[in-house]
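Chain letters run A, B, ... following the sequence lines, proteins first, then strands; residues in each count from 1. These figures come from a predicted structure and were not determined experimentally.
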2 protein chains.
Amino acid sequence: MKKTPATDAKQSAAAQDPVLATRERIVRAASRLMQRQGYAGTGIKQISLEAQATLGSVYHFFPGGKQELAVAAIRHGDLEFAEELRTALGSETDPADAVLAFTRHLATGLRTSDWIDGCPITTTALGTAGSSPDIQSAAAEAFARWREIVFDKLRETGIAETDAHDLAHTVISTLEGAELAAQVSRSSEPLDIAGKHLARLITAYL
Amino acid sequence: MKKTPATDAKQSAAAQDPVLATRERIVRAASRLMQRQGYAGTGIKQISLEAQATLGSVYHFFPGGKQELAVAAIRHGDLEFAEELRTALGSETDPADAVLAFTRHLATGLRTSDWIDGCPITTTALGTAGSSPDIQSAAAEAFARWREIVFDKLRETGIAETDAHDLAHTVISTLEGAELAAQVSRSSEPLDIAGKHLARLITAYL
């Protein structure tokens, strides 16, 4: 992920603040582990080991335990993905080219992780559907934020508000599904094809 | 799910064969539980309780334990979803209308389960990405089968082979992603919009 100056500033502040740094390490570890193993497959002890933090400090920052950690992990994945999406969409003027560029970015990320690290929130959200309203809300917020970023890009180019709203839904849904299909089949083909079709669909509304 | 005569015949044969019936009950229980809780969140004991089968009979049918059960569960979900897809696509002559009908079917299913029962294989497949090649292969096979059903429908209406191949990819990816988005946001809107856009995309190739 390309870092923006804002992120660099945030990270350097985090490095100077040991309390914030510990919390941040815990959230990142939880996010990465739950992305790969799901909510039930990830224990607090494993998170504390991965974060090089004591169990005591994990419970200090997250007295609500694993549920609270999962919400923070989803929120972290939400913002990380939002930043990648914003950067990719900003790299091209034409929204069709911009979405195509983002599918390539996702395919590269998946291949680099040997098809393991897909969407940062889906695994956690799906394994807790119906059992944790807080996790479900955090995931719903993430999807809404990502749609908003696509919506803004489409509106900039003069696409009508209702069309932009609907297209933003389909862009995010299709990216999610194509990333999942690519991950499962260990091939970028679903993302390559999704990029082509989304570009065609967007162009039809320009 | 609407039952076809073939399913009825299969179920009645299963009811008459107590050995098959036990195995079938175990697979269905594993499939339903893993769909909701993921692989790590589902224990063999819970499956045996849900299936009203002894732990001994679970290990008798599945000596490979939970991994083997997960592969059978994914295969079960794969075939169940394939039948629903085939039925919905067969209900309309026009492939665009047919895909739209299927998005409505998915939305009804999700709403009926209070937004809990989404794709029957995604939760299991995602939580084991990178750790179980057998589960990953079973999920890849499922996606390929579903694409094949869409491909056949599109080819029937004269869409060129390459276009039908690509469209089948995007139809399945978008349905997957929209189902996930609908589940997370507890709203049929992502599926309704996906149906409209997929119909538009397919019509552009007719």
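Between chain A and the residues A142(B), S185(B), P190(B), C119(B), the most heavy-atom pairs under 4.5 angstrom are made by P190(B). Between chain B and the residues G41(A), A204(A), A194(A), the most heavy-atom pairs under 4.5 angstrom are made by A204(A). Interface check for chain B: of the options A178(A), S173(A), A182(A), A139(A), the most heavy-atom pairs under 4.5 Å are formed by S173(A). Top candidate by heavy-atom pairs under 4.5 Å with chain B, chosen from D114(A), L198(A), V184(A), is V184(A). Heavy-atom pairs under 4.5 Å with chain A were tallied for A140(B), S113(B), G130(B), S137(B); the largest tally goes to A140(B). When T122(A), I135(A), T128(A) are compared by the number of non-hydrogen pairs under 4.5 Å with chain B, T122(A) comes out ahead.
Looking at D166(B), both its backbone and its side chain come within 4.5 Å of chain A, counting heavy atoms on both sides. For L167(A), the parts sitting under 4.5 Å from any heavy atom of chain B are the backbone and the side chain alike. Residue A144(B): no heavy atom, backbone or side chain, is found under 4.5 Å from chain A. Looking at R36(A), only its backbone comes within 4.5 Å of chain B, counting heavy atoms on both sides. Contacts of A125(A) with chain B are made by side-chain atoms alone, with heavy-atom separations under 4.5 Å and no backbone atom involved.
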Evaluate the side-chain contact (heavy atoms from CB on, under 4.5 Å) criterion for residues H169(A) and D192(B): first the C-alpha distance (whole Å), next the side-chain angles of each, then the deciding distance (0.1 Å), finally the verdict.
-> CA-CA 10 Å; H169(A) 261 281; D192(B) 300 338; over 6 Å; no
Go through the steps to decide whether T174(A) and H197(B) satisfy the test side-chain contact (heavy atoms from CB on, under 4.5 Å), and finish with yes or no.
-> CA-CA 11 Å; T174(A) 305; H197(B) 282 145; over 6 Å; no
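You'll find the side chain of E189(A) reaches within 4.5 Å of the side chain of H165(B), heavy atoms only. Side-chain contact between R186(B) and Q136(A) is present, with at least one heavy-atom pair separated by less than 4.5 Å. Counting heavy atoms from C-beta on, the side chains of L126(A) and Q35(B) never come closer than 4.5 Å.
Across G177(B) and E176(A), no two heavy atoms sit closer than the pair CA-CB, 4.2 Å.
One distance of note links CZ of R200(B) with OH of Y205(A); it measures 4.0 Å at 0.5 Å rounding. Rounding to the nearest 0.5 Å places OG of S131(A) at 8.0 Å from CD1 of I116(B).
Environment of OH in Y59(B): sparse, with no more than 12 heavy atoms of neighbouring residues, nucleotides or ligands closer than 6.0 Å.
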